J.: 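Can you keep this structure in mind? I'll have questions shortly.
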Number of protein chains: 2
Amino acid sequence: METMKEQQTANDGLTTEEKILAAAGKVFTRKGMAGARMQDIANEAGINKALLHYYFRSKEKLFDAIFEKTFQQFVPLMHLEFDSTDDFRQMLRNMVRLYVMMVKKSPYLPSFLLNEMHQNPDKIQHLLLKMNVSEFPKRLQIRFSEAGITGDPRQLLLTLISGVIFPFAAKPLLMPLFFGNNEKIFDRFIEDRSVFLEDLMLRMLVNREEDDINLDSDNSNFNNNAL
Amino acid sequence: METMKEQQTANDGLTTEEKILAAAGKVFTRKGMAGARMQDIANEAGINKALLHYYFRSKEKLFDAIFEKTFQQFVPLMHLEFDSTDDFRQMLRNMVRLYVMMVKKSPYLPSFLLNEMHQNPDKIQHLLLKMNVSEFPKRLQIRFSEAGITGDPRQLLLTLISGVIFPFAAKPLLMPLFFGNNEKIFDRFIEDRSVFLEDLMLRMLVNREEDDINLDSDNSNFNNNAL
DNA sequence: TTACTTATTAACCGTTTGGTTAAACTATTT
DNA sequence: AAATAGTTTAACCAAACGGTTAATAAGTAA
């Protein structure tokens with residue numbers, strides 16, 4: 001029998017703190033900060049409510065921990081992913097696949113993040129400073145320039161990300177409107193959408209250079225991204 | 001001095017009920033159902049809290065009124081817009097412009113709707129029945145077929161709508177990350193985006209027929225849209 | 001004016017909520 | 001074993017909340 005110093009592992013192999021974080025993540029992402037109840041989180045974690053305040057001082061502190069963790073799970077993906085692959089097209093493909101996978105696993109995430117971002121825009125400022133993403137727009141521009149893309153890379157990136165995330169964020173509407181409340185049909189649609197979006201990206205990249213339709217080539221306002 | 005029977009107009013030319021609805025709309029869209037307080041709504045309307053319960057019986061009833069109104073403002077736009085113009089490309093252009101205008105006017109709307117939709121997916125089912133949108137997917141398909149588009153029209157439509165809405169829904173993130181917290185730069189980006197999205201649509205329509213990249217032409221799962 | 005209906009308010013009520021406390025339980029140290 | 005530090009709980013608390021009530025004010029009809 002070994003002695004455990006820092007944290008003792010509970011019955012199911014999880015620290016109490018870990019159990020709290022898992023439960024809080026579940027409840028907060030579903031109900032949001034305002035809709036979540038501390039008692040619900042305690043029940044979900046199978047512990048006493050006072051323990052929540054013992055580990056995290058207040059509801060807001062606990063929420064902040066969850067929000068930060070969830071936020072970082074989302075945003076820096078592009079951050080990391082943009083350096084990993086040499087082939088530009090393959091990189092875009094990977095991004096689509098990665099985001100589809102992520103959102104598929106936890107469908108509440110997008111609307112949770114979007115909503116809480118609006119509720120506390122100040123916290124985002126702070127989070128973006130902690131993760132060092134201030135260089136991201138510059139790197140994004142360089143990456144696109146090297147690939148010979150002339151247009152505003154933000155337009156393309158936003159189209160890509162929104163294209164993946166939005167169907168999940170709007171699922172409760174799309175489900176009865178387009179998919180007859182059939183989960184399998186929805187899943188198949190998402191499968192098709194991955195291909196659709198990859199193809200969409202390729203079309204844009206290929207055509208953009210040789211085409212006469214000019215989209216504000218001198219995008220002079222791209223450098224104003226101070227923090 | 002005229003006599004008023006049905007509803008007397010208050011000092012500022014608005015019925016009390018109208019003042020309540022306006023105030024509730026403002027508070028609910030910003031704070032959400034769970035985050036909104038009846039007292040805040042009463043304050044915003046400049047009336048006593050009990051009046052809220054006098055006109056609408058409960059918080060949920062009041063919320064439902066706002067949610068329905070807001071929801072209908074959004075969804076049936078495509079519904080109406082899809083019949084108005086003969087020219088298919090012009091119609092898509094109009095849709096983009098219309099949605100940009102709408103969301104620009106009330107930036108909280110997208111994240112509010114997306115979030116509350118997740119919170120009560122059951123209510124959406126009911127709302128979709130009231131608005132008669134059951135025919136919409138069929139009409140959408142027909143409209144696209146007539147224009148000679150072979151791919152799944154839902155993919156294209158979703159790309160369009162998400163492309164417009166998402167930048168506003170994610171504005172608190174994009175603002176410091178891409179636009180240096182400068183509202184004017186953001187506005188200019190949205191202007192550019194309208195053009196970008198219109199161009200994007202045209203590219204897809206033009207190329208899709210003559211291209212060898214085949215995106216699941218036999219979209220057999222499109223007809224399963226019962227309600 | 002009188003009677004009556006509708007609109008509006010201040011005060012109140014029961015419940016829920018985030019948070020605290022003091023005691024009990026568990027492990028580690030001496 | 002005794003003392004100590006860390007963990008967990010039941011019970012409690014004040015504030016906030018949605019909702020009610022009883023009384024008042026305002027408009028309408030006779």
Side-chain angles (χ1 to χ4, degrees), chain A residues 1-67 116 119-120 123, chain B residues 1-28 30-67 116 119-120:
Chain A
M1 201 197 288
E2 71 272 293
T3 51
M4 299 157 287
K5 274 193 170 176
E6 303 271 312
Q7 288 265 33
Q8 56 263 73
T9 45
N11 36 11
D12 48 351
L14 287 174
T15 311
T16 304
E17 190 172 340
E18 288 171 342
K19 282 198 289 185
I20 292 179
L21 284 174
K26 207 171 179 179
V27 176
F28 272 133
T29 50
R30 273 162 184 68
K31 305 291 189 73
M33 163 64 166
R37 305 284 152 232
M38 293 296 267
Q39 188 61 61
D40 296 343
I41 297 175
N43 292 343
E44 177 74 33
I47 59 169
N48 189 282
K49 192 185 60 158
L51 262 186
L52 300 179
H53 293 92
Y54 178 76
Y55 282 91
F56 306 81
R57 292 173 53 85
S58 66
K59 185 188 182 184
E60 191 172 0
K61 290 264 173 55
L62 178 55
F63 172 79
D64 286 351
I66 297 298
F67 185 59
E116 297 300 339
Q119 238 64 72
N120 2 338
K123 280 177 184 165
Chain B
M1 204 196 285
E2 71 272 289
T3 51
M4 299 157 288
K5 275 192 169 176
E6 302 270 313
Q7 287 267 34
Q8 55 263 73
T9 45
N11 36 11
D12 49 350
L14 286 175
T15 312
T16 304
E17 189 172 341
E18 289 170 341
K19 282 198 289 186
I20 292 178
L21 284 174
K26 206 171 180 178
V27 176
F28 273 133
R30 273 160 184 69
K31 305 290 189 72
M33 162 65 168
R37 305 285 152 231
M38 293 296 267
Q39 188 61 60
D40 295 343
I41 297 175
N43 292 343
E44 177 75 32
I47 59 168
N48 188 283
K49 192 185 61 159
L51 263 186
L52 300 179
H53 293 92
Y54 179 77
Y55 282 91
F56 306 82
R57 291 174 54 87
S58 66
K59 184 187 182 185
E60 191 171 1
K61 291 265 172 57
L62 179 54
F63 173 78
D64 286 351
I66 297 298
F67 185 60
E116 297 300 338
Q119 238 62 73
N120 2 341

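All chains are named by letter (A, B, ...) in the order of the sequence lines, taking the proteins before the strands, and each is independently numbered beginning at 1. This is a predicted model, so every value here is computed, not measured.
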J.: With sequence neighbours excluded, tell me which residues meet side-chain contact (heavy atoms from CB on, under 4.5 Å) with Arg37(A).
T.: Asp40(A), Lys59(A)
J.: What nucleotide, of dT8(C), dG18(C), dT8(D), holds the atom closest to the side chain of Tyr55(A)?
T.: dT8(D)
J.: What is the separation between atom CE on Met38(B) and atom P on dT16(C), rounded to the nearest whole Å?
T.: 17 Å
J.: Are OP1 or OP2 of dG18(C) and a side-chain N or O of Arg37(A) less than 4.0 angstrom apart?
T.: yes
J.: State which residues pass salt bridge (Lys or Arg N to Asp or Glu O under 4.0 Å) with Glu60(B); sequence neighbours excluded, sorted by chain then number.
T.: Lys123(B)
J.: How many whole angstroms separate atom CZ of Phe56(B) from atom P of dT8(C)?
T.: 13 Å
J.: If you restrict it to nitrogen or oxygen atoms, what contacts under 3.5 Å exist between nucleotides 9-13 of chain C and the protein, and what is each distance?
T.:
from    : atom 1 : to       : atom 2 : distance (Å)
dT9(C)  : OP2    : Asn48(B) : N      : 3.0
dA10(C) : OP2    : Asn48(B) : ND2    : 3.2
dA10(C) : N7     : Asn48(B) : ND2    : 3.3

J.: Are OP1 or OP2 of dT8(D) and a side-chain N or O of Thr16(A) less than 4.0 angstrom apart?
T.: yes
J.: dT9(D) P sits how many Å from Leu52(A) CG, rounded?
T.: 10 Å
J.: The criterion is side-chain hydrogen bond (donor to acceptor under 3.5 Å, both in side chains); which residues satisfy it with Asn43(B), sequence neighbours excluded?
T.: Gln39(B)
J.: CD of Glu17(A) to CD1 of Ile20(A): how many Å apart, nearest 0.5 Å?
T.: 7.0 Å
J.: Sequence neighbours left out, what pairs pass salt bridge (Lys or Arg N to Asp or Glu O under 4.0 Å) with at least one residue falling in residues 45-55 of chain B?
T.: none
J.: Quick one: is Ser58(A) getting a side-chain N or O under 4.0 Å of the dG18(C) phosphate, OP1 or OP2?
T.: no
J.: Indicate every side-chain donor-acceptor pair of residues 27-36 of chain A with a distance under 3.5 Å to a residue at least two apart or in another chain.
T.:
from     : atom 1 : to       : atom 2 : distance (Å)
Thr29(A) : OG1    : Gly25(A) : O      : 2.5
Thr29(A) : OG1    : Lys26(A) : O      : 3.1
Arg30(A) : NH1    : Lys26(A) : O      : 3.4

J.: Rounding to a whole Å, what distance do you find between Lys59(A):NZ and dT17(C):P?
T.: 9 Å
